[in-house]
Amino acid sequence: MDRMVAEGHDRNRQLQEHLSQQLTQSLSNTLSNRMDKIVRDEMKKTIPQTVTKVLEPVTGQLSNTIAAKLTAVEGTLKENVTKIVKSKNTTDAIGRAAAEALQGPIQAAYKEAFQSIVLPVFEKGCQSMFQQINDSFKQGTHEYIQQLESHLKNKKMREQDARDPLVGQLQQMTDSFQSSTDQLASSVTASVRSEVQQQLHMIVGNLQESILAQVQRVVKGEVGMAMKEQQAVVTSSIMQAMRSAAGTPIPTAHLDYQAQQANVLQLLQQGQLNQAFQQALSAADLNLVLYVCETVDSQQVFGQAPCPLIQPVLLSLIQQLSTNLATRSELKISYLEDAVMNLDHSDPVTRDHMSSVLAQVRQKLFQFLQLDPHSPLSKRARRLMMMLQGLVNHSMS
């Protein structure tokens with residue numbers, strides 16, 4: 001660091017010397033040209049008239065004039081150079097040059113120090129800590145088992161020593177005593193096993209918390225990328241299933257938003273709920289989907305038995321409504337609750353894509369709760385997450 005600062009000072013000093021030399025040379029050239037012109041003019045005016053009469057006085061006067069002018073020029077030159085060197089623009093230029101020269105080496109030095117010193121030391125410390133925890137756990141378990149075996153062995157020997165003098169008198173009670181001893185041993189073993197398992201569970205739980213905290217950061221990025229890829233595949237598959245299930249083609253690609261809205265409204269007025277939702281979802285326009293949801297009450301759609309929406313339409317509706325829960329949250333969550341309850345696990349399309357779609361919805365709900373944990377809809381969002389988790393577990397079992 002000191003070497004780089006010294007190099008920066010050297011560059012600044014060299015820059016100042018270069019600027020001073022250029023300024024001095026420029027001013028000297030300019031002043032020399034002007035003085036030459038002034039002297040020639042004076043000589044043309046004075047010398048022809050008095051050269052034969054007053055040569056010596058004129059020479060002295062000319063020398064004095066030239067010396068006075070040079071003195072004035074020298075003072076002006078020093079003053080101008082001093083102003084230029086002390087000016088804010090020159091200082092700023094020198095500072096910027098030094099900052100640009102030092103920024104790269106400083107960043108590289110910090111980065112190299114962090115990668116070569118901090119990261120290896122931290123990694124070595126973590127490995128040592130986990131190894132010490134593992135060794136301590138193994139040693140403690142081994143000592144506990146040894147003490148338990150020694151205790152049981154001593155207890156059995158004491159019982160046998162106390163029983164030998166009474167063998168003749170207690171011959172008839174031998175079987176019952178043996179049975180009681182076996183039961184006692186089983187009870188002690190079960191108690192010890194339970195205690196050991198409890199201790200193991202507590203130790204393993206503490207280890208899992210520390211390990212999961214580190215693994216979660218690594219897994220989170222990978223899961224995010226996988227979820228995005230899976231979402232694209234599921235969306236394509238659901239849209240293909242919707243097109244296959246449609247009785248007639250859905251011409252939406254060439255229509256603008258107003259025309260699509262008019263077509264959807266006409267279908268709703270005719271009572272064709274499934275066709276209306278299917279056309280809005282196929283347009284891949286969330287505003288059009290929300291328009292249909294606002295126009296039709298959710299009870300009108302999901303209050304019928306069976307539900308008028310086919311399973312691909314339900315899956316696509318759930319997926320598109322969960323894309324952004326930050327806006328129109330109450331309407332989207334209300335429709336999501338009803339749509340999820342009407343999924344048919346026996347349907348092939350639902351069975352193939354339900355797990356991935358519901359996992360995506362759970363992730364969006366989790367992000368919604370993180371952004372606004374005190375939202376009035378937070379309780380409904382948590383309840384919906386629990387419902388989705390139960391459905392995913394049921395579909396996987």
Main-chain N/O of [Y] paired with [X] side-chain donor or acceptor, under 3.5 Å:
{"X": "Ser322", "Y": "Ile318", "value": "yes"}
{"X": "Ser316", "Y": "Pro312", "value": "no"}
{"X": "Asn393", "Y": "Gln389", "value": "yes"}
{"X": "Ser334", "Y": "Glu330", "value": "no"}

Measuring from [X]:[atom1] to [Y]:[atom2], what's the distance to the nearest 0.5 Å?
{"X": "Arg362", "Y": "Leu388", "atom1": "CZ", "atom2": "CG", "answer": "7.0 Å"}
{"X": "Leu268", "Y": "Thr295", "atom1": "CG", "atom2": "OG1", "answer": "6.0 Å"}
{"X": "Gln266", "Y": "Gln279", "atom1": "CD", "atom2": "CD", "answer": "9.5 Å"}
{"X": "Met341", "Y": "Leu391", "atom1": "CE", "atom2": "CG", "answer": "7.5 Å"}
{"X": "Leu273", "Y": "Leu267", "atom1": "CG", "atom2": "CG", "answer": "9.5 Å"}
{"X": "Asp182", "Y": "Ser187", "atom1": "CG", "atom2": "OG", "answer": "12.5 Å"}

Exercise. Would Gln16 and Asn12 count as a side chain to side chain donor-acceptor pair (under 3.5 Å) if you check the C-alpha gap in whole Å, the side-chain angles of each, and the deciding distance to 0.1 Å?
Worked result: CA-CA 6 Å; Gln16 291 178 356; Asn12 293 338; over 6 Å; no
Please find the pair of heavy atoms, one from [X] and one from [Y], that lie closest to each other, and give the distance.
{"X": "Ala280", "Y": "Val292", "result": "CB-CG2, 3.7 Å"}
{"X": "Cys293", "Y": "Leu321", "result": "SG-CD2, 4.3 Å"}
{"X": "Tyr291", "Y": "Gln261", "result": "CE1-NE2, 2.9 Å"}

For this session: Determine, stepwise, if the pair Val361 / Met385 fulfils side-chain contact (heavy atoms from CB on, under 4.5 Å).
Result: CA-CA 8 Å; Val361 178; Met385 285 183 65; over 6 Å; no
Exercise. How about Asp135 and Gln131: does a side-chain donor come under 3.5 Å of a side-chain acceptor?
Worked result: yes
Problem set entry | Gln360 versus Gln319, side-chain donor and acceptor atoms under 3.5 Å | yes
For this session: Tell me, yes or no, whether the heavy-atom count around Glu7 atom CD, taken from other residues, nucleotides or ligands under 6.0 Å, exceeds 12.
Result: yes
Problem set entry | Flag if over 12 foreign heavy atoms under 6.0 Å of CD, Gln172 | no
For this session: Please report the C-alpha distance between Gln14 and Asp10 in whole Å, then the side-chain angles of each, then the deciding distance to 0.1 Å, and finally whether the side chain to side chain donor-acceptor pair (under 3.5 Å) criterion is met.
Result: CA-CA 6 Å; Gln14 293 175 2; Asp10 292 339; over 6 Å; no
Would you mind reporting whether [Y] and [X] have side-chain heavy atoms less than 4.5 Å apart?
{"X": "Pro348", "Y": "Gln311", "value": "no"}
{"X": "Phe368", "Y": "Ser378", "value": "no"}
{"X": "Gln183", "Y": "Ser186", "value": "no"}
{"X": "Leu290", "Y": "Lys332", "value": "yes"}
{"X": "Gln270", "Y": "Gln275", "value": "no"}
{"X": "Lys111", "Y": "Gln115", "value": "yes"}
{"X": "Leu371", "Y": "Leu325", "value": "no"}
{"X": "Arg193", "Y": "Thr189", "value": "yes"}

Exercise. According to the interplanar angle, ranging from 0 to 90°, do the rings of Tyr335 and Phe302 count as parallel (below 30°), tilted (30 to 60°) or perpendicular (above 60°)?
Worked result: perpendicular
Exercise. Could you go step by step and tell me if Leu265 and Gln269 meet the side-chain contact (heavy atoms from CB on, under 4.5 Å) rule?
Worked result: CA-CA 6 Å; Leu265 181 60; Gln269 291 173 351; 3.7 Å; yes
For this session: List the steps, then state whether side-chain contact (heavy atoms from CB on, under 4.5 Å) holds for Lys364 with Thr323.
Result: CA-CA 7 Å; Lys364 297 297 183 181; Thr323 302; 5.6 Å; no
For this session: Report the C-alpha distance between Arg96 and Glu100 in whole Å, list the side-chain angles of each, state the deciding distance to 0.1 Å, and finish with yes or no for salt bridge (Lys or Arg N to Asp or Glu O under 4.0 Å).
Result: CA-CA 6 Å; Arg96 285 194 298 269; Glu100 292 176 357; 5.9 Å; no
Exercise. Which is it for Val301 and Phe277 under the side-chain contact (heavy atoms from CB on, under 4.5 Å) test, yes or no, and what are the steps along the way?
Worked result: CA-CA 10 Å; Val301 179; Phe277 275 95; 4.0 Å; yes
Solution key, residues 143-159 side-chain donor-acceptor pairs under 3.5 Å, sequence neighbours excluded:
residue: Glu143; atom: OE2; partner: Gln139; partner atom: NE2; Å: 3.3
residue: Gln146; atom: NE2; partner: His142; partner atom: NE2; Å: 2.6
residue: Asn154; atom: ND2; partner: Ser150; partner atom: O; Å: 3.1

